[in-house]
Asker: 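Before I ask anything, let me first share the structure, which is written out below as structure tokens.
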Amino acid sequence: MSAIPPKVQGFDLPDTWRRKRIKYVATYNDEALSDDTDDFKEIEYIEISGVTLVGGVENVSSLQFHKAPSRARRVVRGGDTLVSTVRTYLKAIATVREAPDNLIASTGFCVIRPGEEIDAAFLGWVMKSEPIVGEIVARSVGVSYPATNASEVVKLEVPLPDLDTQRRIADYLDDKTARIDALIEKKRALLDRLAEKRQALITRAVTRGLNPDAPLKDSGIDWLGKVPSHWEVRPLYSVLKRITYGFTNPMPSTSDGPFMLTANDIGDGEILFKTARRTDLEAFHEDLSDKSRPLPGDLLVTKDGTLGRVAVFDGPLTCINQSVALLRLNQTRLKAKFIENCFLSNKYLEEMILNAGGTTIKHIYITRLKKMAVSFPSQAEQQEIVDECTKVRQHFSDLEGRINLSIEKLTEYRAALVTSAVTGKIKALLAEDTPKPAKKEAPAAFKRSVLAAYIADTLCDHPTFGRVKFQKLLHLCEAHLEIQEIAGNYRRDAAGPFDTQMMRSVHSQIEKQGWIAPVKGEKGWTYTRGDKVNGYRDHFDRYFGSCKEALEDLLALIAPMKTQQAEIVSTAFAAWNDLLLEGKTPINDDIVDLILNDWTESKKAISADRWHSALVWMRENGLTPRGLGEHTKRKSLCA
């Protein structure tokens, strides 16, 4: 068999595995609908936009053949894998486990059908692995619409272990990725709830003010309801100097002239100059009227596309096109930032969209927008509300940033896991493990070292896995999963609950057995697999096989974290558990107070908000203590 091409060197495989080109283990584009297909045949159609690398086939359209696009031709059967050959940057790849008889895919897909040598599910995971996905994208030609040929896709080589191993790997990835995807979905649901909470707080501030005891009056506007009795209610045009929209004729594009903003360049409270195109300076001055050139302090509102996004302009030389409305306020009555927050609130946004015109495509008409009512207090009170809304938006932006980073890390871990599994890097999947009966009860320290070896073997390739994170995981295994063999004696250390003597014992045992080699470097401890790394596996199945699933869930939660994030979670868990052991029913404030005032001084360097966010995350993910085990000991008692 020919050597693997240089571009596919990402597949570093076990010696016993083979490699073969896809075309030798599978067929492709086997069936297609003919032009004389019955016009009224009902088909289930898969378009490239309906497929994602993680979610698989997410959208299927039901329609009659004569109403389907001309590209609706590829017949799909159960077990086929779809690989997009156009717009390959979208990474639209999915395995169809079961398919109705009328399932049809776009001709933009290469439909790969496995032969007898390769398992359908395994082939699907291989096609989703980083080396294959990267190679398909790299071999695509074109800038705005990159594409490759199906014949090029099937020239790629894939790893080929025996069928039993293929099935084990596929089953493993089905289970593991489902768990990771569920975690990601929970985080996305949390983002939705945070967005709703932010909207509610802003809406309350701009419609009721900051004083909850302020007397109210009926605004006379149904959608606005009651407002503080000292606030004014006026039509928007009465506090405007100008309301208009931008240029309609095409403008020339350059690389360094004034910015040209469209609705796509306006975010919620921000202007996305990085994505905006630029125009010629001479054309900017000669061809554009003042209505297309915003001044600092003008309010820009998207009137086409995604409706109602708003931002106060305060940027360099810029023009706007017809998809953006410009509102120039009478600054002696209204602050632009106050109205920006009004338009970001639920009530104002819903009213704008409700009054939008158009049938299939909605537009905000400025003739309607300027008649919309606004309610506002004095300028001094407006500034107080703006300051509060700024704090609210920044707080939620920070929370969302951390959650999005966590989602990003989980996604990266998922991709790395797929590649590791299909290339034979997860040793436990290479052969059926048959647990051997225990001849005699092993010491607790040995059992602990077996668990530690499993954790290190699983995570040693992660760049953030070091001694501190190792200890945090052992602590959570004992405190959360109730693995009593760990038998830790934890103190309130700067790095969270820590047992130095236990870690020395773990290091000594796993190195002595040849399972894992701890290495101390300038930047701390790292771990590499030893020559006898497989030696702990039978012991692991015998001692911890019943809790393997729960352990994998815990590792999937903590693996993407940085060291300090793991430290925060472990510390919060221990502090919370300590309070439960004292017979208390603590709220988050009680837990944070213990951490900041009765742990170590270094904990105060981490803001209270981060501790609160960690506790919210822990509740969301079921990482909650039950008041079991022993107290963590204060440092003064642990000489």
Side-chain angles (χ1 to χ4, degrees), residues 14 168-169 171-173 175-177 179-180 413 416-417 420-421 424-438 441-488 499 502-519 525-561 563 566 569-570 623:
R168 270 198 307 279
I169 291 171
D171 290 344
Y172 171 83
L173 288 175
D175 178 66
K176 291 287 289 184
T177 57
R179 295 172 188 275
I180 296 170
Y413 172 60
L417 184 70
S420 295
K425 300 299 186 298
I426 302 176
K427 305 300 182 184
L429 299 175
L430 299 187
E432 281 287 5
D433 294 324
T434 305
K436 298 177 182 177
E441 189 67 20
F446 180 78
K447 292 182 180 180
R448 179 174 61 202
S449 67
V450 169
L451 179 67
Y454 177 83
I455 294 172
D457 186 19
T458 304
L459 299 183
C460 66
D461 295 325
H462 284 246
T464 62
F465 183 69
R467 180 169 175 261
V468 171
K469 197 167 181 180
F470 202 172
Q471 169 72 100
K472 300 311 107 185
L473 281 164
L474 286 168
H475 165 251
L476 289 171
C477 284
E478 180 175 4
H480 179 56
L481 302 184
E482 300 178 37
I483 300 177
Q484 298 177 359
E485 289 85 351
I486 295 173
D499 183 343
M502 180 180 74
M503 288 307 298
R504 287 174 182 163
S505 172
V506 164
H507 278 192
S508 174
Q509 283 283 343
I510 60 178
E511 186 172 30
K512 176 183 175 182
Q513 297 291 340
W515 299 335
I516 300 292
V519 180
W525 290 88
T526 58
Y527 301 87
T528 59
R529 296 179 182 90
D531 294 336
K532 300 178 181 178
V533 67
N534 292 323
Y536 75 86
R537 299 189 186 282
D538 286 346
H539 301 298
F540 177 83
D541 285 336
R542 186 157 57 248
Y543 305 140
F544 305 109
S546 62
C547 62
K548 183 177 181 181
E549 186 174 316
L551 177 58
E552 288 178 345
D553 286 346
L554 179 63
L555 296 185
L557 273 175
I558 306 300
M561 293 182 176
T563 301
V569 169
S570 179
L623 200 62

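Values below: every heavy atom of this structure, side chains too, minus hydrogens, waters and symmetry copies. This one's a predicted model, so the numbers in the text were calculated from it and none came from an experiment.
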Asker: Considering all heavy atoms of both residues, which atom of Lys469 and which atom of Ala559 are nearest to each other, and what is their separation?
Answerer: NZ-O, 2.9 Å
Asker: Does Gln513 reach the main-chain N or O of Tyr536 with its side chain, forming a donor-acceptor pair under 3.5 Å?
Answerer: no
Asker: Hey, could you give me the SG/CG distance between Cys547 and Asp553, rounded to the nearest 0.5 Å?
Answerer: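 Result: 11.5 Å between the selected atoms.
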Asker: Here's a test for you: under ring-ring contact (aromatic ring centres under 6.0 Å, His included), which of Tyr454, Phe540, Tyr527, Phe446 qualifies with Trp515?
Answerer: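 The passing option is Phe446.
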Asker: For Gly488 and Glu478, work out which heavy atoms get closest and say how close.
Answerer: N-OE1, 2.9 Å
Asker: Checking side-chain contact (heavy atoms from CB on, under 4.5 Å) for the pair Leu473/Leu459: CA distance, chi angles, key distance, verdict?
Answerer: CA-CA 11 Å; Leu473 281 164; Leu459 299 183; 3.5 Å; yes
Asker: Ignoring hydrogens, what is the shortest heavy-atom contact between Leu623 and His480? Give both atom names and the distance.
Answerer: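 Closest approach of Leu623 to His480: CD1-CD2, 3.4 Å.
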Asker: When you measure from the side chain of Thr464 to the backbone N and O of Met561, does any donor-acceptor pair fall under 3.5 Å?
Answerer: yes
Asker: Grab the two heavy atoms, one from Ala421 and one from Ile169, that are nearest each other, plus how far apart they are.
Answerer: O-CD1, 3.3 Å
Asker: Would you confirm whether Ser570, through its side chain, and Ala566, through its main-chain N or O, come within 3.5 Å as a donor-acceptor pair?
Answerer: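 No: the side chain of Ser570 does not pair with the backbone of Ala566.
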Asker: Hey, is the main chain of Gln484 close enough, under 3.5 Å, to the side chain of Lys447 for a donor-acceptor pair?
Answerer: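 Judged by distance alone, no pair lies under 3.5 Å.
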Asker: Is any side-chain N of the basic residue among Arg179 and Asp175 closer than 4.0 Å to the acidic one's carboxylate O?
Answerer: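 Between Asp175 and Arg179 there is a salt bridge, with a charged N closer than 4.0 Å to a carboxylate O.
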Asker: Considering non-hydrogen atoms only, spot the tightest contact between Leu173 and Leu417 and give its length.
Answerer: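 Leu173 and Leu417 have their closest heavy atoms at CD2-O, 4.0 Å.
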Asker: Stepwise, does the side-chain contact (heavy atoms from CB on, under 4.5 Å) test hold for Leu451 with Cys477?
Answerer: CA-CA 9 Å; Leu451 179 67; Cys477 284; 4.2 Å; yes
Asker: Taking all heavy atoms of Ala487 and all of Arg448, pick out the closest pair and write down the distance.
Answerer: O-NH1, 3.9 Å
Asker: Check for a donor-acceptor pair, side chain of Ser508 on one end and backbone N or O of Arg504 on the other, with a separation under 3.5 Å.
Answerer: no
Asker: Val506 vs Gln471, test: side-chain contact (heavy atoms from CB on, under 4.5 Å). Steps then yes/no.
Answerer: CA-CA 10 Å; Val506 164; Gln471 169 72 100; over 6 Å; no
Asker: To the nearest 0.5 angstrom, please state how far the CD atom of Glu549 sits from the CG atom of Leu481.
Answerer: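 Rounded to the nearest 0.5 Å, the CD-CG separation comes out at 11.5 Å.
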Asker: Taking the side chain from Lys176 and the backbone from Ala556, do they hold a donor-acceptor pair closer than 3.5 Å?
Answerer: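 Checked: no pair found.
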Asker: Verify the distance criterion only: is there a donor paired with an acceptor across the side chains of Arg542 and His539 at less than 3.5 Å?
Answerer: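 Yes, because at least one side-chain N or O of Arg542 sits under 3.5 Å from a partner of the opposite role on His539.
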Asker: Which distance, rounded to the nearest 0.5 Å, do you find between the CD1 of Ile455 and the CD1 of Ile510?
Answerer: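 Reported value, rounded in 0.5 Å steps: 10.0 Å.
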Asker: Measure from the side-chain N and O atoms of Arg529 to the backbone N and O of Asp457, and report whether any donor-acceptor pair falls under 3.5 Å.
Answerer: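 Looks like yes, one N/O pair under 3.5 Å.
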Asker: Just verifying a value: how many Å separate Phe544 CZ and Glu485 CD, rounded to the nearest 0.5 Å?
Answerer: 5.0 Å
Asker: Tell me, with the steps shown, if Asp499 and Ile486 meet side-chain contact (heavy atoms from CB on, under 4.5 Å).
Answerer: CA-CA 11 Å; Asp499 183 343; Ile486 295 173; over 6 Å; no
